[in-house]
Protein chains: 2
Amino acid sequence: MKTSANKTMPAARNAELDDSLKLWVVLARAYGAVARHMEAEVARHELTSMEFGILEALHHKGPMLLGEIQKKILVTSGGITYLVDRLVTKGLVKRQECPSDRRARYAVLTPAGSALISGIFPAHAQAIARAVSGLSARERADATKLMRKLGLAAAALTTE
Amino acid sequence: MKTSANKTMPAARNAELDDSLKLWVVLARAYGAVARHMEAEVARHELTSMEFGILEALHHKGPMLLGEIQKKILVTSGGITYLVDRLVTKGLVKRQECPSDRRARYAVLTPAGSALISGIFPAHAQAIARAVSGLSARERADATKLMRKLGLAAAALTTE
DNA sequence: ATTATATATCTCAGTTCTAAGCTGTTTAGC
DNA sequence: GCTAAACAGCTTAGAACTGAGATATATAAT
């Protein structure tokens, strides 16, 4: 007979719960530690991580509808309005009407916004690389695979 | 000659940056997806994740100084005052003076707080276990090892 | 002992968001 | 075409913090 867990084996069940909690704890700590490096880097340019996320998305994908950005960076509809307002005030982004849907707006990088994100992206990437440099290339590849699988599975549970 | 990266090989350097960014993206997504499950669970009991973190710490470690909790859950000094105030208002925690240092206060679970955290912790643990159940036991063990290493290394960089 | 410095918590103003509801627009069903 | 539902973005109130400074106490240096 195998010794694997089943629902009538409290000891094995507890081991699974404990292992899961431990994973959650170290995942949260790892995320937090890397996030602090990332935020410190973008803060040098007077940006929050959310503002940076929008600039980065526009930099790589070109003009996007506000709703598209919203799904990408996971904020509420009020949040995306607030964030884009801030970027507009800073002169980094402008709103542009959508010809095919008069409810929707595009967010577009201004020349200043485009110059800023192009200028700071390399340093941002290096800050991230430095923050994760505690893992070898092989370990980073393994971690990426595991985190991708974990993230997709957990996100799928949400929508179910 | 080996083909490994060095500082004069732009292509290899870019590969390392790209891999690091990819790890950061999937790490952030995995953390966010699991965190949402965790927060949805504690929200069922009218608690934020920070409030839950305090109750959990007190549950497992007994009375703690506010400063100890602050380091553990990583909030500012203003934040710990605010959070403990809220828990006191809810009747879950009380402050207690420290006999050896009149500046310091202990946070102590009230009977109601103790009953609450004992009652909801099992469901919390199961919610986490469910959220990370997309990985096998082996994968969870691997992920735990990698995240611990990553977290410690990234945190060490901060203090340097 | 006295002074300087560090520490623990609190206060308060300000920042960054969320949640709920609103407006204007589009799409689907009849 | 007309109504109903869904949708995109905006508004508002307020929650959950942060950051800087204030207060009281403790520790160290002279």
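Just so we're on the same page: letters track the sequence lines, and every chain starts at 1.
What separates CD of B/Glu97 from P of D/dA24 is a distance of 16 Å, to the nearest Å. For B/Glu39 and D/dA16, the CD to P distance is 11 Å, given to the nearest whole Å.
The minimum heavy-atom distance between B/Glu46 and B/Lys90, with the atom names listed, is O-NZ, 2.8 Å.
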Ignoring hydrogens and angles, write down the donor-acceptor pairs under 3.5 Å from the side chains of residues 104-121 of chain B, residues two or more places apart or on other chains.
unit_1: B/Thr110; atom_1: OG1; unit_2: B/Gly91; atom_2: O; d: 2.7
unit_1: B/Thr110; atom_1: OG1; unit_2: B/Leu92; atom_2: O; d: 3.2
unit_1: B/Thr110; atom_1: OG1; unit_2: B/Ala112; atom_2: N; d: 3.4
unit_1: B/Thr110; atom_1: OG1; unit_2: B/Gly113; atom_2: N; d: 3.0
unit_1: B/Ser118; atom_1: OG; unit_2: B/Ser114; atom_2: O; d: 2.8

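At a non-hydrogen distance threshold of 4.0 Å, B/Thr48, B/Met50 from residues 40-50 of chain B come into contact with DNA chain D.
More than 12 heavy-atom neighbours from other residues, nucleotides or ligands sit within 6.0 angstrom of CZ on A/Arg86.
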Report task. Start with the C-alpha gap between A/Leu23 and A/Asp19, add the side-chain angles, then the distance that decides, and say whether side chain to side chain contact (heavy atoms under 4.5 Å, CB included) holds. Result -> CA-CA 6 Å; A/Leu23 171 53; A/Asp19 287 352; over 6 Å; no
Query raised in the report: Given the rule in the side chain to side chain contact (heavy atoms under 4.5 Å, CB included) test, do B/Asp142 and B/Arg138 qualify, once you have shown the distances and angles that lead to the verdict?
Result: CA-CA 6 Å; B/Asp142 291 345; B/Arg138 176 52 188 269; 3.2 Å; yes
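Between D/dC17 and B/Tyr82, no contact under 4.0 Å exists linking OP1 or OP2 to a side-chain N or O. Between A/Arg86 and C/dC17 there is a side-chain N or O to OP1 or OP2 distance below 4.0 Å.
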Using the 3.5 Å cut-off, write out each protein N or O paired with an N or O of nucleotides 5-10 of chain C and the distance between them.
unit_1: C/dT7; atom_1: O2; unit_2: B/Arg103; atom_2: NH1; d: 2.3
unit_1: C/dT9; atom_1: OP1; unit_2: B/Leu66; atom_2: N; d: 3.2
unit_1: C/dT9; atom_1: OP1; unit_2: B/Arg105; atom_2: N; d: 3.2
unit_1: C/dT9; atom_1: OP1; unit_2: B/Arg105; atom_2: O; d: 3.2
unit_1: C/dT9; atom_1: OP2; unit_2: B/Gly67; atom_2: N; d: 2.6
unit_1: C/dC10; atom_1: OP1; unit_2: B/Arg95; atom_2: NE; d: 2.9
unit_1: C/dC10; atom_1: OP2; unit_2: B/Thr81; atom_2: OG1; d: 3.1
unit_1: C/dC10; atom_1: OP2; unit_2: B/Arg95; atom_2: NH2; d: 3.4
unit_1: C/dC10; atom_1: N4; unit_2: B/Ser77; atom_2: OG; d: 2.7

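By the 4.0 Å N-to-carboxylate-O rule, B/Arg95 lies close enough to B/Asp85 to be salt-bridged with it.
For the 3.5 Å distance criterion, the side chains of B/Arg140 and B/Ser133 fail to qualify, holding no donor opposite an acceptor.
Classification of the A/Tyr31-B/Trp24 ring pair by plane angle, with boundaries at 30° and 60°, yields parallel.
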